[in-house]
Amino acid sequence: MVLRDVKKSLGSFSLSIDNLTISEPGIYALIGPNGCGKSTLTKIITGLLAPDSGTVDTEGLSARDITYLSRKPYIIEDTVYNNLVYPLKLRNIKLEENEIAAFLDKMKFTQRGSERAKSLSGGEQQKLAFLRALIFRPKFIVADEAMTSMDRESLLLFENTIIEEQEREQSIWIIVSHHMPHIKRICKKVYSMHEGKLLD
């Protein structure tokens, strides 16, 4: 993934990224104070937001290979199971039922597939959205403060799952977080932002 001379203005805020290149699989972190442009940058990277100018080269990856996780996940008004398999239906991907069951089991949803997803607690909805983002085996994943406010047990579960999936798929992860112990545990490189720019 390569960004060159990317600029974006939103009201009084301006993003200006001269160069950002991530070419090797791994888990990367993006940090910085609130309002510095982290979410704007990650939305441009994933195609959710178009830059005003500059180029974003995902190096052969299509929208089908990229996913974005936010702090407030979107949950479909349906069952836990149907929320989980929704990305598969969109991409016409077929998985065996035992493979789907293995994903449910990762977050202890094995016996809860038929429950209404909106009835889950906020933390459980985060877990479901996390599984939904992984089930189609994306190659590029952005987690924009998706693990904020998690208890330690859930955070460690997410970390272990991220490491396992990254190693399996040789994918690229960009994790936006303020939790430095979490970042230090799993990220190979940290990018810092300030006032719309990447710091050297």
Side-chain angles (χ1 to χ4, degrees), residues 1-74 87 90-91 93 126 129-130 132-149 158-159 161-163 165-200:
M1 185 272 299
V2 181
L3 277 72
R4 295 195 189 282
D5 300 319
V6 166
K7 299 186 185 302
K8 182 69 179 181
S9 294
L10 295 168
S12 61
F13 173 77
S14 293
L15 180 80
S16 180
I17 306 296
D18 295 332
N19 178 67
L20 173 60
T21 301
I22 300 178
S23 55
E24 294 183 359
I27 304 169
Y28 301 84
L30 182 62
I31 65 172
N34 290 336
C36 71
K38 301 185 298 297
S39 291
T40 301
L41 175 56
T42 55
K43 286 177 181 177
I44 287 173
I45 288 171
T46 53
L48 296 175
L49 195 62
D52 294 335
S53 62
T55 60
V56 180
D57 183 359
T58 55
E59 300 185 311
L61 296 180
S62 71
R64 293 168 58 92
D65 303 309
I66 300 170
T67 194
Y68 178 88
L69 276 163
S70 66
R71 180 190 297 191
K72 296 181 179 180
Y74 176 72
L90 285 179
R91 294 166 173 81
I93 297 172
Q126 279 185 309
F130 181 71
R132 187 177 61 196
L134 298 183
I135 196 167
F136 65 95
R137 305 294 190 193
K139 292 297 183 183
F140 199 115
I141 305 98
V142 171
D144 187 359
E145 298 195 39
M147 288 156 274
T148 299
S149 302
F158 270 50
E159 288 178 3
T161 304
I162 288 170
I163 292 168
E165 291 297 317
Q166 193 282 318
E167 290 177 348
R168 182 202 306 272
E169 298 301 318
Q170 288 298 290
S171 51
I172 292 174
W173 284 75
I174 296 178
I175 295 176
V176 179
S177 177
H178 294 284
H179 194 287
M180 290 308 296
H182 161 60
I183 286 171
K184 289 178 180 178
R185 280 194 296 267
I186 67 172
C187 295
K188 67 184 293 183
K189 182 171 181 177
V190 177
Y191 293 93
S192 298
M193 289 191 69
H194 184 69
E195 295 184 348
K197 298 179 182 294
L198 283 173
L199 302 179
D200 293 333

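We use all heavy atoms of the structure for the numbers below, so side chains are in, but hydrogens, waters and symmetry mates are not.
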Relative to each other, are the rings of F130 and W173 parallel, tilted or perpendicular (30° and 60° limits)? tilted
Is a side-chain N or O of R137 found less than 3.5 angstrom from the main chain of E169, in a donor-acceptor match? no
Drop me the distance from M147's CE to H179's NE2, to the nearest 0.5 angstrom. 11.0 Å
Does K72 NZ have over 12 foreign heavy atoms under 6.0 Å away? no
Any chance you could measure Y191, atom OH, to L41, atom CG, to the nearest 0.5 Å? 11.0 Å
K7 (side chain) donor-acceptor with P51 (main chain) under 3.5 angstrom: no
Point-to-point distance, once rounded to the nearest 0.5 Å, from OG1 of T40 to NZ of K8: 9.0 Å
Decide if atom NE2 of H194 counts as having more than 12 heavy atoms of other residues, nucleotides or ligands within a radius under 6.0 Å. no
Closest non-hydrogen atom pair, S9 against D52: N-OD2, 2.8 Å
Between the main-chain N or O of Y68 and the side-chain N or O of D144, is there a donor-acceptor pair closer than 3.5 Å? no
Closer than 3.5 angstrom, by distance alone: can the side chain of K38 be matched with the main-chain N or O of S192 as a donor-acceptor pair? no
Working to the nearest 0.5 angstrom, can you tell me the gap between I174 CD1 and I141 CD1? 10.0 Å
Drop me the distance from C36's SG to K197's NZ, to the nearest 0.5 angstrom. 13.0 Å
Is it the case that atom NZ in K139 sees more than 12 heavy atoms from other parts of the structure closer than 6.0 Å? yes
Is there a side-chain contact between N34 and H178 (heavy atoms, below 4.5 Å)? yes
Can you find a pair of side-chain heavy atoms, one from T58 and one from D65, that are under 4.5 Å apart? no
Worked check of side chain to side chain contact (heavy atoms under 4.5 Å, CB included) between I44 and L15: CA-CA 10 Å; I44 287 173; L15 180 80; 3.7 Å; yes
Non-hydrogen atoms of E59 and D57 that approach each other most closely: N-OD1, 2.7 Å
Check I175, V142, I172, V190 against Y28 for a side-chain contact (heavy atoms from CB on, under 4.5 Å) and give me the one that passes. I172
Please enumerate all residues that pass salt bridge (charged side-chain N to carboxylate O under 4.0 Å, His left out) together with E145, with sequence neighbours excluded. R71
List the atom of M193, the atom of L199, and the distance in Å for their closest heavy-atom pair. C-CG, 4.4 Å
What's the spacing between L10 CG and S39 OG if we round to 0.5 Å? 11.0 Å
For L198 and N19 the tightest heavy-atom approach is CD1-O, 4.0 Å
Looking at every non-hydrogen atom in both residues, tell me the closest pair between P138 and A133 and how far apart they are. CG-O, 3.2 Å
Distance-minimising heavy-atom pair for A146 and L69: CB-CB, 3.9 Å
